[in-house]
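Quick caveat, the model's predicted, so the values are computed rather than measured. Note that the numbering runs from 1 along the sequence shown for the chain.
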Amino acid sequence: MSPRYCHSRFQTVRWETREVQVGGVGIGGSNPIRVQSMTTTDTCDVVATVRQTIELAEAGCEIVRITAPTMKAGEALKEIRAELRRAKVTVPLVADIHFLPKVAMEAVNHVDKVRINPGNYADRKAFKIREYSDDQYDEEMERLYDAFSPIVLRSKELGKAMRIGTNHGSLSDRIMNRYGDTPNGMVESALEFIRIAESHNFHDIILSMKASNPKVMIEAYRLAAARMHELGMQYPLHLGVTEAGDGEDARIKSTIGIGSLLYDGLGDTIRVSLTEDPIHEVPVARDLARRASILRENKSDSLTKERDSIDPFEYTRRPAQVLALSPSPMKVSIGGSEAPAVCLAPTQPLSNTQSIIQAVCRTQLHFQDSKIEGVLLSVCSPSDLNHVEAIFTALRSVIPFFVLEAPAESLDDIFADWKRPSGSNGWIISTTIDSADGFQRTASLATSFATKLAAKATPSVWRETIIPQLSPKPDLPLIASLQWDADTSVHPLGQYRLLAETLKQAEINAPLWIRLGDATHIEASAYFGGQLIEASLLAGPLLADGLGDMISVHDLPELKQANGLAYNILQAARSRISKTEYVACPSCGRTLFDLQSTTARVKDKTAHLKGVTIAVMGCIVNGPGEMADADFGYVGGAPGKINLYVGKKVVKAGIPQDEAVDRLVDLIKQHGKWVDPKPVPATE
């Protein structure tokens, strides 16, 4: 049985932690989820750093982190704090420390918390492969104890807090060689430092387990919570997906990683890392915190002890029957090991036949490697089937399958005389089930089709009235899903997990369809991107747990927007790769070039390289380590100079910045990963 990391995977029940004071802000305990960000200015530029800190505080940021890469920067924190206090700004400050213990000893005098990265604080990281004997390992730990103890004792003396912030890509050689580049290695790295702190009776600790891959990040935090539970520790958790990048992709990655854990009751403070002005991080983080708080307030104790067969510490795809919907040349199958299919629902009324056809065609032309695979059409009467036939005739050569959704009470009337159009396209009949009788009518009608059940009823009704009457039938393949009305008390992620568990117990291996946007279960966000957050919060955690064989996006006015969102969620969850993957740090005072403009230039040259991962890192601190998943890296090595990496190995050093993007393209070509971009098709 897996160790316990949360109270329930079906309801949001807060995981208990101790309270840690950071300045005047409490983290953990009964405090709300705190939002924080990080300045991107040169720390030695006191005026600019103070100005940006004030802007963040005014935007709702409750804690501000400032990098201290040098002793001069550590000393500048004193003046920064003084200027903020003169301006009546009391936001707590955190010093971000890498490599230099002496800088930490200076910075702790001027801030409310010090962030220590175990992988590069008084530790060794040279990517050397060696075996450590137990004696050698103990010697390393003694050295680490001597190096880390001074900052622990000084923090304790001054009443300052500490974040032990482990990052996936910056594990020490000692940890890498004993535990590997794994979530378990991340947790053990942090525990080494926690044990040293506890040996001095210091407990004002906050823990983080960040990675650029949301699946790795989720597993690491779960494992950290479970290990702390086993050891009797209750340290608050700081959640974040590191090096997430910019734009929609970064917001989706962050939502998947942070949102998965918030839904499970984990997380006491959060930071959304964007390669943008840090002020843009705050509204996303505030929205996630608000949604988690609402779910924590609306829980049912009856669902906290439901059985759950998923191993939360090891990714495994849920077994599902394979449904071959469309043979070659537009082959699409759902279930099994197939990548999740994408289905979109046009928002126009079915009678607007030409508008639907044009919207679908424009979307198919716009996307090269992420096209619509299924179109969902709502039918309410037999006459609507005439519109369906017209749409099918126009789109049969570009859409592999069609979904017809109809009310259960009207199924007999609507489809009594309907015959499926001939051709190789797949068809799904979808309806809402609210009684066993309704299911029987659907099954009777759809025996020759791939059938989907959209259960408006709760999972308990599935368990008590529908599932008992189901038995797997080769001639009646099913796709299971859920719908619900807008309701702030609904925990959609938990409901889907419960549906998957119910199907497993009933030995029904129906594929699982994730519906996005049918109804917003929490009031819409006040800023653009609310639907993006909503969809990512549901689909991302499910996909990261191995659940989901098809996703559909509803209620977005533009099909292109809906299609992009669907594929971006699949990419962020590492469930289906359809474009280039970017790992980009959010910038800070250590950055050696303008990250936003540089990332844009790199994307302009490489955005067509499907399946290639490229890291754009501002400095050596976030260089070969933090881009652990990247195929190629563009890393600041010195002012105006760029180092290029293949994997974790530097292959070109000291390249002038104005040449570096072209040299990166040359490097990709040398390693056989380059393809020329396809011509952009006409819009009509």
Could you tell me which residues satisfy side-chain contact (heavy atoms from CB on, under 4.5 Å) with E219, sequence neighbours excluded, listed by chain and number? P183
Regarding T606 and H608, is there a side-chain donor-to-acceptor distance under 3.5 Å anywhere? no
So, the side chain of S326 versus the backbone of N425: is there a donor-acceptor pair under 3.5 Å, distance only? no
Could you please spell out the steps behind the side-chain hydrogen bond (donor to acceptor under 3.5 Å, both in side chains) verdict for N563 and K371? CA-CA 7 Å; N563 196 65; K371 296 183 181 296; over 6 Å; no
When you compare the side chain of K641 with that of P656, does any pair of heavy atoms fall below 4.5 Å? yes
Partner set under ring pair (Phe, Tyr, Trp, His ring centres under 6.0 Å) for Y582, not counting sequence neighbours: none
Check: S189 side chain, G185 main-chain N or O, donor-acceptor pair, under 3.5 Å: no
Applying side chain to side chain contact (heavy atoms under 4.5 Å, CB included), run through N568 and L570 and close with a yes or a no. CA-CA 5 Å; N568 286 343; L570 291 171; over 6 Å; no
What pairs with R317 under side chain to side chain donor-acceptor pair (under 3.5 Å), at least two apart in sequence or on another chain? D549
Does any donor atom in the side chain of Q36 or T269 lie under 3.5 Å from an acceptor atom in the other side chain? yes
Got a sec, which residues hit salt bridge (Lys or Arg N to Asp or Glu O under 4.0 Å) with E281, two or more places apart in sequence or on another chain? R271
Would you give the length of the straight line joining atom CZ of R574 to atom NZ of K215, rounded to the nearest 0.5 angstrom? 8.5 Å
Minimum heavy-atom distance I399-I372, with the two atoms named: CD1-O, 3.9 Å
Would you say R576's side chain and P340's backbone share a donor-acceptor pair under 3.5 angstrom? yes
Return the set of residues passing salt bridge (Lys or Arg N to Asp or Glu O under 4.0 Å) with D277 (not counting sequence neighbours), or none when no residue passes. none
What verdict does the salt bridge (Lys or Arg N to Asp or Glu O under 4.0 Å) test give for E243 and K210, after you've listed the backbone C-alpha separation in whole Å, the side-chain angles of each residue and the deciding distance to 0.1 Å? CA-CA 9 Å; E243 330 303 347; K210 294 190 177 183; over 6 Å; no
So do V650 and L644 actually touch side chain to side chain, heavy atoms under 4.5 Å? no
Mind checking what makes salt bridge (Lys or Arg N to Asp or Glu O under 4.0 Å) contact with E338, not counting sequence neighbours? none
V403 versus C343: any side-chain heavy-atom pair under 4.5 Å? yes
Any chance CZ of R286 has more than 12 other-residue heavy atoms, nucleotides or ligands included, within less than 6.0 Å? no
Check: K579 and D369 side chains under 4.5 Å, non-hydrogen atoms: no
Counting only heavy atoms not in Q670, do more than 12 sit closer than 6.0 Å to its CD atom? yes
Do the non-hydrogen side-chain atoms of L288 and T255 ever get within less than 4.5 Å of each other? yes
R251 and E276: salt bridge (Lys or Arg N to Asp or Glu O under 4.0 Å), yes or no, with the steps? CA-CA 11 Å; R251 286 161 174 80; E276 302 174 18; 2.8 Å; yes
Does any N or O in the side chain of H238 come within less than 3.5 Å of the main-chain N or O of G165, such that one atom is a donor and the other an acceptor? no
Ignoring hydrogens and angles, state whether a donor on the side chain of T275 or Q596 is under 3.5 Å from an acceptor on the partner side chain. no
How close do L261 and I218 get, heavy atom to heavy atom, and via which atoms? CD2-O, 4.0 Å
Answer yes or no: is there a donor N or O on one side and an acceptor on the other, between the side chain of D287 and the main chain of P283, under 3.5 Å? no
Contacts of type side chain to side chain donor-acceptor pair (under 3.5 Å), residue R396, not counting sequence neighbours: none
Residues at least two apart in sequence or cross-chain that pass side-chain contact (heavy atoms from CB on, under 4.5 Å) with S578, listed by chain then number, are S370, Y567, Q571
What's the shortest heavy-atom distance between L266 and L239, and which atoms? O-CD1, 3.7 Å
Closest approach of I514 and G548, non-hydrogen atoms and distance? CD1-CA, 3.8 Å
OG1 of T67 to CD1 of I97: how many Å apart, nearest 0.5 Å? 7.5 Å
Taking atom types as modelled and ignoring hydrogens, do the side chains of T49 and T43 form a donor-acceptor contact shorter than 3.5 angstrom? no
Neighbour count above 12 (heavy atom, 6.0 Å) for K669 NZ: yes
Ignoring hydrogens and angles, tell me if any N or O in the side chain of N643 forms a donor-acceptor pair with the backbone of G654 under 3.5 Å. yes
Nearest-0.5 Å distance that lies between atom CG in D666 and atom CH2 in W674: 9.5 Å
Taking the side chain from E373 and the backbone from V342, do they hold a donor-acceptor pair closer than 3.5 Å? yes
Distance col, row K560:NZ vs T363:OG1, nearest 0.5 angstrom, shows 7.0 Å
Sort and list the pairs that fulfil salt bridge (charged side-chain N to carboxylate O under 4.0 Å, His left out) and have at least one residue in residues 600-613, not counting sequence neighbours. D246-K603, K605-D662
Are any of the side-chain heavy atoms of R174 and Y179 separated by less than 4.5 Å? no
Does a donor on one side chain sit under 3.5 Å from an acceptor on the other, for H168 and N213? no
Which heavy atom in A562 sits nearest to a heavy atom in V553, and how many Å separate them? CB-CG1, 3.6 Å
Using the side chain to side chain donor-acceptor pair (under 3.5 Å) criterion, which residues pair with E55? Sequence neighbours excluded. none
L493 versus L542: any side-chain heavy-atom pair under 4.5 Å? yes
Is T613 reaching over with its side chain to a backbone N or O of A630, donor-acceptor style, under 3.5 angstrom? no
For K649 and Y645, indicate whether the former's side chain and the latter's backbone hold a donor-acceptor pair under 3.5 Å. no
Are I551 and W513 side-chain neighbours, meaning at least one heavy-atom pair lies under 4.5 Å? no
Quick one: salt bridge (Lys or Arg N to Asp or Glu O under 4.0 Å) partners of E188, sequence neighbours excluded? R227
Report the distance from atom CE of M186 to atom OG1 of T166, rounding to the nearest 0.5 Å. 6.5 Å
Is it true that a side-chain atom of D42 and a backbone atom of C44 form a donor plus acceptor pair closer than 3.5 Å? yes
Is a side-chain donor-acceptor pair under 3.5 Å present for R65 with T39? no
Can you tell me how far CG of L325 sits from OG of S333, rounded to the nearest 0.5 angstrom? 7.0 Å
Which heavy-atom pair separates V241 from S254 by the least distance, and what is that distance? CG2-CA, 3.9 Å
Applying side chain to side chain donor-acceptor pair (under 3.5 Å), name anything that partners R222, two or more places apart in sequence or on another chain. Y5, D545
